[in-house]
A.B. asks: 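Below are the structure tokens for one structure; questions will follow.
All ligand and atom numbering here is 1-based and tracks the order in the structure. Remember, predicted model here, so these are calculated numbers, not experimental data.
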Amino acid sequence: MQSIQKGILQAIPSHAIYLTFHLRPEADAGTAMDALSAILPLVDGARVVLGLGASLVQLVGGGVPGLHDFNGVAGSMVKLPAAPAALWCWCREEQRGELVHQARRLRHAVADAFDLQQTIDAFKVGSGRDLTGYEDGTENPEDAAAIAAAFVQGQGDGLNGSSFVAVQQWQHGFEQFEAMPQAQQDNLIGRRKSDNEELEDAPESAHVKRTAQENFNPEAFVLRRSMPWSEHEHAGLHFVAFGKSFYAFEAQLRRMSGAEDGIVDALFSFSQPLTGAYFWCPPMKDGRLDLRLLRA
Ligand code: HEM
């Protein structure tokens, strides 16, 4: 398989910053490509994972089959805001201090063509829990199954080894959540917080019942690399799912949204997405991002 951005496969780091950028109004194909060239030395695919938005690929005249903007879900019974961006950087570190410099260098490198849209500070909680205390990532595919779920294969050089990522910043209402008795919280997720056991008799609205990956046709596996985030008094989960296409995420979100059977995922009773965006994470070649699909 062609080289991948290794950070996608690795366990989540202790600290992270997610940066999104939009194109400056005066940016053209030339300035955008120059800015991309300027950040290439900073993107090793491990400490910095990079994703490109549909608007950027279109501007430079490239072609990435399957890449498009996130547009919510037709028939959704809940709000699914879209916040498209041209560029997405996931900076991953064990030391918080290093992130400050990484983010600064990235912002500086692309400044001629891109304006900063959002910075999100994220962190690992315990062994990888959501801020509600529930273990997150238990049913993630592993090893060969993770590679099969998250990376394009058999589609040719430039596309093989790449990944399509869906991101959503969810804000939790902790007061609402904490007002629920433990059994109700467990039923909402579909797992017991105390021992992470799946509840066979959980209601249809339980999050893990809505998203059970083998219960879609075809099966809908993704590699989730979500991290808790906080900013002043607000906090939640920065949901991140890598796939070989957007199919699996879209199938899961459609079922969560109630568009399929009128049952909305119980997560929405205490948490809401504030953003939603799609990006394409190019493969690597010789230690650098392989951007051949961007050349018209
Ligand atoms: C507030 C946002 C969210 C929270 C707190 C959350 C939390 C969790 C937790 C605690 C689990 C159970 C353990 C595990 O297998 O990881 C889980 C499972 C899962 N979640 Fe989420 N999640 C959120 C949003 C989403 C979204 C937006 C999607 C996809 C559209 C999603 C897809 C999944 C999938 C695929 C599973 C595994 C289901 C299975 O195959 O058993 N989650 N989530």
A.B. asks: Under 3.5 Å, is there a donor-acceptor pair between the side chain of R224 and the main chain of F239?
C.D. replies: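 No; judged by distance alone, with no hydrogens or angles, the pair does not exist.
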A.B. asks: Donor-acceptor check, side chain of D121 to backbone of F123, threshold 3.5 angstrom: yes or no?
C.D. replies: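 Between the backbone of F123 and the side chain of D121 there is no qualifying donor-acceptor contact (under 3.5 Å).
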A.B. asks: Taking only heavy atoms of Y134, which atoms of ligand 1 are found under 4.0 Å from at least one of them?
C.D. replies: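 Close to Y134: 10 (C).
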A.B. asks: Checking the side chain of Q213 only, and the main-chain atoms of V222 only, is there a donor and an acceptor separated by less than 3.5 Å?
C.D. replies: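 Between the backbone of V222 and the side chain of Q213 there is a qualifying donor-acceptor contact (under 3.5 Å).
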A.B. asks: Please check this pair: side chain of T31 against backbone of A27, looking for a donor-acceptor N/O pair closer than 3.5 Å.
C.D. replies: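 No; judged by distance alone, with no hydrogens or angles, the pair does not exist.
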A.B. asks: Is any protein N, O or S atom closer than 2.8 Å to atom 21 (Fe) of ligand 1, and if so, which?
C.D. replies: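 As for protein N, O or S atoms lying under 2.8 Å from atom 21 (Fe) of ligand 1, they are H207 NE2.
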A.B. asks: Do any nitrogen or oxygen atoms of T138 lie less than 3.5 angstrom from nitrogen or oxygen atoms of ligand 1?
C.D. replies: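 Yes; the residue has a nitrogen or oxygen that sits under 3.5 Å from a nitrogen or oxygen of the ligand.
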A.B. asks: Could you find the nearest protein heavy atom to atom 10 (C) of ligand 1 and give me its residue, atom name and distance?
C.D. replies: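 Its nearest protein heavy-atom neighbour is E135 O, 3.3 Å.
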A.B. asks: Please report which non-hydrogen protein atom sits nearest to atom 40 (O) of ligand 1, along with the residue it belongs to and the distance in Å to one decimal place.
C.D. replies: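 Scanning the protein heavy atoms, the shortest distance from atom 40 (O) of ligand 1 goes to Q213 NE2, 2.8 Å.
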A.B. asks: For Q171 and H234, does a side-chain donor sit closer than 3.5 Å to a side-chain acceptor?
C.D. replies: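 Short answer, yes.
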A.B. asks: Any chance you could measure I120, atom CD1, to I17, atom CD1, to the nearest 0.5 Å?
C.D. replies: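 Taking CD1 in I120 and CD1 in I17, the distance rounds to 10.5 Å.
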A.B. asks: Starting from atom 41 (O) of ligand 1, what is the nearest protein heavy atom, named by residue and atom, and what distance separates them?
C.D. replies: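 In this structure, atom 41 (O) of ligand 1 has E139 CG, 3.2 Å as its nearest protein heavy atom.
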A.B. asks: Select one of side chain, backbone, both or neither to describe which atoms of E198 lie under 4.0 Å from any atom of ligand 1, heavy atoms only.
C.D. replies: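 Near ligand 1, E198 shows nothing, with every heavy atom at 4.0 Å or more.
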